[in-house]
Amino acid sequence: MTFQPASWPRKLRSQEWYGGTSRDTIYHRGWMKNQGHPHDLFDGRPIIGILNTWSDLTPCNGHLRELAEKVKAGVWEAGGFPVEVPVFSASENTFRPTAMMFRNLAALSIEEQMRGQPIDGAVLLVGCDKTTPSLLMAAASTDLPSIVVTGGPMLNGYFRGERVGSGTHLWKFSEAVKAGEMTQEEFLEAEASMSRSSGTCNTMGTASTMASMAEALGMALSGNAAIPAVDSRRRVMAQLSGRRIVQMVKDDLKPSDILTKQAFENAIRTNGAIGGSTNAVIHLLAIAGRVGIDLTLDDWDRCGRDVATIVNLMPSGKYLMEEFFYAGGLPVVLKRLGEGGQLHKDALTVSGQSIWDEVKDVINHNDDVIRPLDQALAAQGGIAVLKGNLAPRGAVLKPSAASKHLLVHRGRAVVFEDIDDYKARIEDPDLDIDETCVMVLKNCGPKGYPGMSEVGNMGLPSKVLKKGITDMVRISDARMSGTAYGTVVLHTAPEAAAGGPLAVVRDGDMIALDVPGRSLHLDISDAELAERLAAWRPNHERPESGYAWLHQAHVEGADTGADLDFLKGCRGSPVGKDSH
């Protein structure tokens, strides 16, 4: 930790809009005064943008306007000037073809809002899956002092005495209906218990994972990740964060000071310990690319391979985010990592303190929720990065959510050319498939879907489910919801739509998966593979205009974060020319 606070007072960038007596500054200042702001608020104090991803169509973030008021209170208390700014909200719940397609658009628009508006620092008010990485990407690209405040998870769901985890039980109940173990009426009854309060997924899905990643990176105050959305302490966290961002601006404590290689390594290890979503791989790679940190899939395997999964939450375990918070939340996990020599203890956080100083004295209140290392859910819980002739640039699998007996498996490929082909054929009684097969799905990557949807955890055919089988090896270039589970190989790179080897897999090919050996192999000769690739022609959807065209033309592979190629790197926050 080598950060040296800047001197204060000094002239801030917002004064380029509001300081002085010129026609232009009077123009900017005068219009703001129509909201009843006194003249002395423009005296050079930090102006804090509260970047709010609230939207009625982003239900996970539906309570963020209330939290914004608490952030404002904190900013006022610390002597700042808060301004709430609505920003692009990429909702996982509603956006089609997938919110992932719009993560980069959100990051682009928010970056330009941050740079082009008179703010000196930002509170990133986030929750739903893609809102957290998109705002972090924007903050990294502008490098303005920024702090994350998440909306928090919803309360536990319950159905007939059973905990109901967001997403996890949706997949489970859906398969049970197909297997004849649950009626459609019971499924509809269970729906009412799935989302019973404001907040994000109550499992360790992508939303909770990315909240944990923000805290492990040092971009949120300690304890932020797990506080339930409806708990009064969530509002306290928002207010304290509002106070803190004002001092961060005065100190000039920026994302580039916090988002170091060590911070990303801390986050990778944390993801393994919590049984976090595979989506974190793509998002952290993208954030690192914006701040200029050389982070690769190899770092994910190197840092995460020997990390035990100790958080007993769905989809890997049995509890939900409420219990995680009551047990002590992410600070307990970070302390465990530090005690085990798996944490860079001197990594800087938005508090101005090291991450170890923040967590060293916390207490674990439930050893079954956050387990001791000798009682871990998985001894090697980090994301497994697989390579081989089927995935030359890598693919990923989440061991803690996979079936142990399938981690080494060789089976016959049953191939679906795209998601429509899968939907049309998966319930065909004549489909030649059994539990020993390997399901292969193509054209669902960043270019192919387009946007890389969460369809990688393909549902099993009913005739297999009715045997009592609940898992099969599945391989695709798609993503999977962080709430999902199974022996699912994802993010295969290069993707099929870019001409990767996945594109030329045929029905009947034998595929060998070896997770301990980190390999994924298509059992054909190099010569035949080369011949197939030479004959391959694209067969995926290709947009001709609009953002879909821009995305497909410029999106990079999953192995580097699936960002747009022209958005990588930090462009800073220079003040542009005046508007008049």
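All values derive from a computational prediction rather than experimental measurement. Computed from heavy atoms alone, side chains included, the values below leave out hydrogens, waters and symmetry copies.
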Query - Test salt bridge (charged side-chain N to carboxylate O under 4.0 Å, His left out) applied to E162 and K172, step by step - result: CA-CA 13 Å; E162 178 183 359; K172 177 181 176 180; 2.9 Å; yes
Query raised in the report: Distance only, no hydrogens: is a donor on one side chain within 3.5 Å (strictly under) of an acceptor on the other, for E454 and N279?
Result: yes
Query raised in the report: Using a distance-only test with no angle check, is there a side-chain donor-acceptor pair under 3.5 angstrom linking S277 and T209?
Result: no
Query raised in the report: Is the backbone N or O of G448 less than 3.5 Å from a side-chain atom of E495, with the two atoms forming a donor-acceptor pair by type?
Result: yes
Query raised in the report: Distance only, no hydrogens: is a donor on one side chain within 3.5 Å (strictly under) of an acceptor on the other, for S89 and S91?
Result: no
Query raised in the report: Is there a donor-acceptor contact under 3.5 Å from the side chain of S193 to the main chain of A190?
Result: yes
Query raised in the report: If we ignore angles and hydrogens, is there a donor and acceptor under 3.5 Å between the side chains of R479 and T98?
Result: yes
Query raised in the report: Is a side-chain donor or acceptor of T492 paired with a backbone partner of A391 at a separation under 3.5 angstrom?
Result: no
Report task. Answer yes or no: does atom NZ of K467 have more than 12 heavy-atom neighbours from other residues, nucleotides or ligands under 6.0 Å? Result -> yes
**Report entry** Under 3.5 Å: donor-acceptor pair, side chain of E215, backbone of N224
**Finding:** yes
Report summary line: Nearest heavy-atom approach of V359 to P331 is CB-O, 3.6 Å
Query raised in the report: Are any side-chain N or O atoms of K178 and backbone N or O atoms of L460, one a donor and one an acceptor, separated by less than 3.5 Å?
Result: yes
Requested in this report: Classify the angle between the aromatic ring planes of F187 and F173 as parallel (below 30°), tilted (30 to 60°) or perpendicular (above 60°).
Outcome: perpendicular
Query raised in the report: More than 12 foreign heavy atoms under 6.0 Å from CZ of R160: is that the case here?
Result: yes
Query raised in the report: If you count the non-hydrogen atoms of other residues, nucleotides and ligands that lie under 6.0 Å from CD in E189, is the total more than 12?
Result: yes
Report task. Would you check if the side chain of R518 reaches a backbone N or O of V515 as a donor-acceptor pair within less than 3.5 Å? Result -> yes
Query raised in the report: Would D374 and R371 count as a salt bridge (charged side-chain N to carboxylate O under 4.0 Å, His left out) if you check the C-alpha gap in whole Å, the side-chain angles of each, and the deciding distance to 0.1 Å?
Result: CA-CA 8 Å; D374 60 0; R371 292 188 170 188; over 6 Å; no
Report task. Could you check T203, V164, N202, T483 and say which one makes a side-chain contact (heavy atoms from CB on, under 4.5 Å) with M314? Result -> T203
**Report entry** Side-chain H-bond candidate by donor/acceptor type, Y319 with D368, under 3.5 Å
**Finding:** yes
Report task. Please check if any side-chain donor atom of S351 sits under 3.5 Å from a side-chain acceptor atom of E358, or the reverse. Result -> yes
Query raised in the report: For D430 and D428, which heavy atoms make the closest approach, and how far apart are they?
Result: N-OD1, 2.8 Å
Query raised in the report: Do L136 and M219 pass the side chain to side chain contact (heavy atoms under 4.5 Å, CB included) test, and can you show the C-alpha distance, the side-chain angles, and the key distance before you say yes or no?
Result: CA-CA 9 Å; L136 278 169; M219 289 295 295; 4.0 Å; yes
Query - Side-chain donor/acceptor of S134 to backbone N/O of T131, under 3.5 Å - result: yes
Requested in this report: Give a yes-or-no answer on whether the side chains of N52 and E84 include a donor-acceptor pair shorter than 3.5 Å.
Outcome: yes
Query raised in the report: Okay, side chain of N104, backbone of A562: is any donor-acceptor separation there less than 3.5 Å?
Result: yes
**Report entry** N/O donor-acceptor pair under 3.5 Å between Q380 side chain and P399 backbone
**Finding:** no
Query - Nearest heavy atoms of A207 and T200, plus distance in Å - result: CB-CB, 3.6 Å
Report task. Examine distances only and state if a side-chain atom of Y449 and a backbone atom of M101 form a donor-acceptor pair shorter than 3.5 Å. Result -> no
Requested in this report: Ignoring hydrogens and angles, state whether a donor on the side chain of N312 or E323 is under 3.5 Å from an acceptor on the partner side chain.
Outcome: no
Requested in this report: Determine, stepwise, if the pair L217 / N266 fulfils side chain to side chain contact (heavy atoms under 4.5 Å, CB included).
Outcome: CA-CA 7 Å; L217 285 168; N266 283 344; over 6 Å; no
